[in-house]
2 protein chains.
Amino acid sequence: MLENARGRKSSREKILDAAAELVSEIGAGRLTLDAVAERAGLSKGGLLYNFPSKEALLQAMIRRMIDQVTESREALRPQLKPGPNLEARLATTTLLNMCCDGKMQEIATGLMVATAENPRLLDPVREVISETLQRIKSDSDDDAALLGWLAVEGLSNLEMHNLSPFSDQDRERIVQAINRLLTKGIAS
Amino acid sequence: MLENARGRKSSREKILDAAAELVSEIGAGRLTLDAVAERAGLSKGGLLYNFPSKEALLQAMIRRMIDQVTESREALRPQLKPGPNLEARLATTTLLNMCCDGKMQEIATGLMVATAENPRLLDPVREVISETLQRIKSDSDDDAALLGWLAVEGLSNLEMHNLSPFSDQDRERIVQAINRLLTKGIAS
DNA sequence: GCAACTAAACCGTCCGGTCGGTATATAAAT
DNA sequence: ATTTATATACCGACCGGACGGTTTAGTTGC
């Protein structure tokens with residue numbers, strides 16, 4: 001559904017791409033409709049034709065970002081071997097993979113805009129997180145799964161805001177440690 | 001230094017308090033000088049007398065928030081018994097305690113404003129985080145310390161944005177699990 | 001007499017949103 | 001076949017309000 005019949009990206013997609021790019025370049029508080037329109041290659045009128053208000057645009061950004069995470073997770077599912085903490089491993093691996101693509105940037109920017117403009121825009125995110133917690137709880141035996149998930153949340157949050165102090169080696173070690181935690185648990 | 005000679009809060013403090021309150025009420029993107037002045041109980045002129053620009057106000061918010069975290073940590077230091085992962089235990093406990101006070105809100109709001117208005121405002125935060133990592137590394141034997149710290153980062157980030165899906169019992173269990181992780185490590 | 005304001009008008013810019021108009025395509029009416 | 005109508009997708013000038021910041025003239029308390 002990302003492309004219309006002619007194989008060209010729809011205006012909606014171009015606009016969402018442009019908005020995500022812009023936020024990561026100039027910051028969430030400086031996102032303007034004019035800038036988005038220019039970047040997307042259409043007029044402000046055209047932009048507002050596709051999204052009747054700035055709020056509608058932001059909602060769409062959040063929605064797309066959520067859908068992408070869900071898609072990635074489900075695409076990953078068949079590649080992981082079943083076992084304990086499967087849902088936690090899925091959730092963490094998905095997030096960690098997205099940090100490496102540019103996609104994480106988009107998640108970050110969406111969240112930043114939402115936080116800046118209108119905290120209510122985060123409602124759908126709240127829902128997804130709550131659902132993820134349920135999934136993780138549903139097939140985890142101890143608290144290691146929760147800790148691993150939280151650690152990934154922490155790491156990705158740092159990376160979102162360009163606050164991560166970790167070198168590549170650091171990060172690699174951390175990822176492995178999280179995997180160990182999810183498969184072996186906390187020492188007793 | 002929070003109060004002036006007469007025991008009354010200085011205008012600067014009142015202004016910073018007002019700004020933090022406002023952000024958590026109306027969102028980072030809607031913070032205006034007029035609103036801050038009104039909430040702080042002085043005129044716009046008075047506000048701009050204390051902070052010559054909005055940017056200066058935001059910088060001061062970030063600075064105060066960093067100082068509060070550092071102070072809290074050092075106040076906690078004599079109360080923890082020495083041992084492995086002391087720095088990690090300090091860092092995590094400090095953050096977790098602040099989540100319970102209202103103080104966490106202030107940290108959150110500061111970060112939100114900074115992210116929204118001007119990513120450069122996060123520079124001092126980046127520095128503090130980097131320094132914290134060094135501290136944690138300096139006295140930890142394995143990766144458990146890093147994981148515990150990251151988990152707390154994740155938890156507090158969720159709580160900052162009111163995204164935490166955890167009940168009080170959940171949270172309690174998680175805190176205990178983090179402590180176990182920091183004292184006993186990952187199973188081998 | 002200086003620091004720390006108050007009060008209120010004002011300026012310039014930015015920005016979300018409106019609105020009249022346009023181009024193209026497809027369909028309906030004659 | 002030609003006109004007329006309708007829908008879609010878009011353009012871009014413009015409006016009005018918000019907001020950061022300035023200025024000015026005065027006030028209060030040490």
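Every chain is numbered from 1, with letters handed out A, B, ... down the list of sequences.
- Between the OH atom of Y49(A) and the P atom of dA7(D) there is a distance of 11 Å, given to the nearest Å.
- For the pair D143(B) (side chain) and A177(A) (backbone), a donor-acceptor distance under 3.5 Å is absent.
- The backbone N or O of L31(B) sits less than 3.5 Å from a side-chain atom of K54(B), completing a donor-acceptor pair.
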Derivation and outcome, salt bridge (charged side-chain N to carboxylate O under 4.0 Å, His left out), residues R77(A) and E87(A): CA-CA 9 Å; R77(A) 188 180 292 278; E87(A) 292 295 337; 3.0 Å; yes
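- Note: CG (N118(A)) to P (dG16(C)) measures 14 Å, nearest angstrom.
- Salt bridge present: R64(A) and E13(A) bring a charged side-chain N and a carboxylate O closer than 4.0 Å.
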Sub-3.5 Å pairs of nitrogen or oxygen atoms, protein against nucleotides 17-22 of chain C:
unit_1	atom_1	unit_2	atom_2	d
dG17(C)	OP2	K54(A)	N	2.8
dG17(C)	N7	K44(A)	NZ	3.3
dG17(C)	O6	K44(A)	NZ	2.9

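- Between the C1' atom of dC19(D) and the CD atom of E38(B) lies a distance of 15 Å, rounded to the nearest Å.
- Within 4.0 Å of L42(B), counting heavy atoms only, lie sugar-phosphate atoms of the nucleic acid but no base atom.
- Taking 4.0 angstrom as the limit, N50(A) places a side-chain polar atom (N or O) nearer than this to OP1 or OP2 of dC10(D).
- Put simply, CZ on R30(B) is 14 Å from C1' on dG17(D), counting in whole angstrom units.
- Atom-to-atom, CG of L57(A) to P of dG16(C) comes out at 10 Å; the value is rounded to the nearest Å.
- A donor-acceptor pair is defined here as one N or O able to donate and one able to accept, closer than 3.5 Å; no such pair exists between the side chain of S130(A) and the backbone of R126(A).
- Residue contacts shown for T32(A) are limited to sugar-phosphate atoms, with no base heavy atom under 4.0 Å away.
- More than 12 heavy atoms of other residues, nucleotides or ligands sit less than 6.0 Å from atom CD of E21(B).
- With the nearest nucleotide of DNA chain C identified for both L47(B) and G29(A), L47(B) has the one nearer the 5' end.
- Looking only at distances, no side-chain donor or acceptor of R39(A) sits under 3.5 Å from a matching main-chain atom of K14(A).
- In this model, the phosphate group of dA9(D) is not approached by any side-chain N or O of S11(A) to a distance below 4.0 Å at OP1 or OP2.
- Distance, L22(B) CG to dC19(D) P: 12 Å, rounded to whole Å.
- In this structure, R12(A) atom CZ and dA9(D) atom P are separated by 11 Å, rounded to whole Å.
- Within the 4.0 angstrom heavy-atom criterion, only backbone atoms of the sugar-phosphate kind lie near L31(A); the bases stay farther away.
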